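For reference, the structure discussed in these notes is given below.
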2 protein chains.
Amino acid sequence: MKPGPRRSLSHREILDAAFELLEAKGFDAVSVRGVAGALGLTPTAMYTYYPNKQALLAGMVEQVLGRLPIGSTADGTARASADGAADARSRVLAVAHGLRDLLVHRPGAVGLLLATPLDGANARRIDEELLAAFTGAGLDLASAGRAAHAVRIHVLGAVAFDAAEAGRTAEAQAEAETPGAASDTLWDDLESFPLADRCRTLADDPAERFSWGVERLLDGLLAAMPAR
Amino acid sequence: MKPGPRRSLSHREILDAAFELLEAKGFDAVSVRGVAGALGLTPTAMYTYYPNKQALLAGMVEQVLGRLPIGSTADGTARASADGAADARSRVLAVAHGLRDLLVHRPGAVGLLLATPLDGANARRIDEELLAAFTGAGLDLASAGRAAHAVRIHVLGAVAFDAAEAGRTAEAQAEAETPGAASDTLWDDLESFPLADRCRTLADDPAERFSWGVERLLDGLLAAMPAR
DNA sequence: ACCTGAACACCGTTCAAGT
DNA sequence: ACCTGAACACCGTTCAAGT
């Protein structure tokens, strides 16, 4: 092929192609070469838009985090309320569930978040909302920072575990469909894990488990207020 | 080279070489080819020991998790105490801090944990300890399962964030040492993040932040007991 | 059983060259 | 500025063949 026409793609078009690839074939398929191919470009042409793969992934993270609505209450900054803690709880819950919904409905997005620094403008915007909520509840700035960090950890970690678990059960199903392969790794160690085994039969719903965990975390965080 | 002598390596030797590579050059250096090369083997010889890379990584995870001491109190099963919640707290804290120490002192180990299912025997052993602690505190099995999951998430997530943060500041330092490169990505967006900016100047110690977060999480989890 | 060597289908990235 | 084509130094994995 000769150089071809100057298409001059926008970053939007490139990111759209990358997300299409992500949702169709998973995170591993989001390669510089793969995205270039989907756009009808040579791999090297990608380097005129992004200096490296990290920058491309960072662009994707920014786009997906940008879809999280924040501070949705219409009253703007005037948010003073009778109960600062209750206010904080609802604001943090909105961020937590919003973020989870964003990632759960986007297969492969977890890999994206885990592979990328999370220091872009939209990540900072989310941080700011969490900090505002916790300081509004009466926490000092240092505690609010730690509380926001704990929420960050919990949301991302929960989604990552859910995704890993979903992938594993999908594999297990695919394996069960091939009757030739006997159940491998049936270790039957001397050890047994009665509680864990009984627990596994419960088959908890991921969404409910997430909700419960965030509520309990908030119970602990919002109790960390200076006595007043 | 001809086939060479039958060395018949043990899994231990292979895993040791893999960990040496992990600590020396990071998680990305732990490749089938890399480990084989460190052992003086051809890449394909690795496949007589492990069916694929996943299995090799799973072996590494099992070895590192095996170093976590559990149930260190000498009294064995006789653990009934006046305050079940206080007992549970100390047991969970032991697991959480033990696990964190294991990972923090082993650069690259986080990548390992994030890339592998965590369903091996040692992972189950840790699960069992957490479940025992929470049920001992009076939680029903379903709640204990959710609580254990929350702890799992928090410990791994915290270590993952710390590692990412450490990597980022290391990069920033390396960049600062090359005075030719001006400070890139100084966006100066219209938005500003006063709380997040002030928060960043606090420079919280990761170990203290972790401790605080786990304590707050446990505050919330151990309050989730049936009223008695 | 354990190992080699060649091969397949991939990566991210750089460089010289074209328009 | 945007793009191609060749190239470099890697991946995981398979296959046929040797001992």
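Please read these numbers as outputs of a predicted model, since none were measured by experiment. Note on naming: letters A, B, ... go to the chains in the order of the sequence lines (proteins, then strands), and numbering restarts at 1 for each one.
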Just N and O in the side chain of B/Tyr49: are any of them under 4.0 Å from OP1 or OP2 of C/dC3? yes
Taking the six-membered ring for Trp, are B/Phe210 and B/His154 parallel (under 30°), tilted (30 to 60°) or perpendicular (over 60°)? tilted
Is there a donor-acceptor pair closer than 3.5 Å between any side-chain N or O of B/Thr42 and the backbone N or O of B/Ala45? no
Taken to the nearest whole Å, CD/A/Glu13 to C1'/D/dC2 is 14 Å
Name the closest nucleotide to the A/Thr42 side chain, picking from D/dT13, D/dA7, D/dT4. D/dT4
B/Ser31 (side chain) and D/dG12 (base): donor-acceptor pair under 3.5 Å: no
For B/Ile14 and C/dC2, what is the distance between atoms CD1 and P respectively, to the nearest whole Å? 10 Å
To the nearest angstrom, the NZ-P distance between A/Lys53 and D/dC10 comes to 17 Å
Rounding to a whole Å, what distance do you find between A/Leu9:CG and D/dC2:P? 10 Å
Under 30°, 30 to 60°, or over 60°: which ring-plane class applies to A/His11 and A/Tyr49, parallel, tilted or perpendicular? perpendicular
A/Arg33 side chain: which of D/dA7, D/dC15, C/dC15 is closest? D/dA7
With a 4.0 Å limit, can you tell me whether A/Ser8 has a side-chain N or O closer than that to the phosphate oxygens OP1/OP2 of D/dC2? yes
Which distance, rounded to the nearest 0.5 Å, do you find between the CG of B/Leu99 and the CG of B/Leu156? 6.5 Å
Among D/dC3, C/dT13, D/dG12, the one nearest A/Leu41 by side-chain distance: D/dC3
Read 5' to 3' with Watson-Crick or G-U pairs under 3.5 Å, [ ] for crossing pairs and | for partners on another strand, DNA chain D gives ||.|||||...|||||.||
Taking CZ from B/Phe27 and C1' from D/dC11, how many angstroms apart are they, rounded to a whole number? 13 Å
Whole angstrom is fine here: how far is it from OH in A/Tyr47 over to P in C/dG12? 6 Å
Which whole-number value in Å describes the distance from B/Asp28 CG to C/dC11 C1'? 12 Å
For D/dC10 versus C/dA9, give the span between their P atoms, rounded off to a whole number of Å. 22 Å
Could you give the OH-to-P distance, from A/Tyr50 to D/dC2, as a whole number of Å? 13 Å
B/Glu20 CD: over 12 foreign heavy atoms closer than 6.0 Å: no
Hey, what do you get for OG1 (A/Thr44) to CZ (A/Arg33), rounding to the nearest 0.5 Å? 9.0 Å
Check the phosphate of C/dC2 against B/Thr48, side-chain N and O only, distance under 4.0 Å to OP1 or OP2. Yes or no? no
Only counting residues at least two apart or in another chain, list the ones meeting side-chain hydrogen bond (donor to acceptor under 3.5 Å, both in side chains) with B/Arg200. B/Asp197
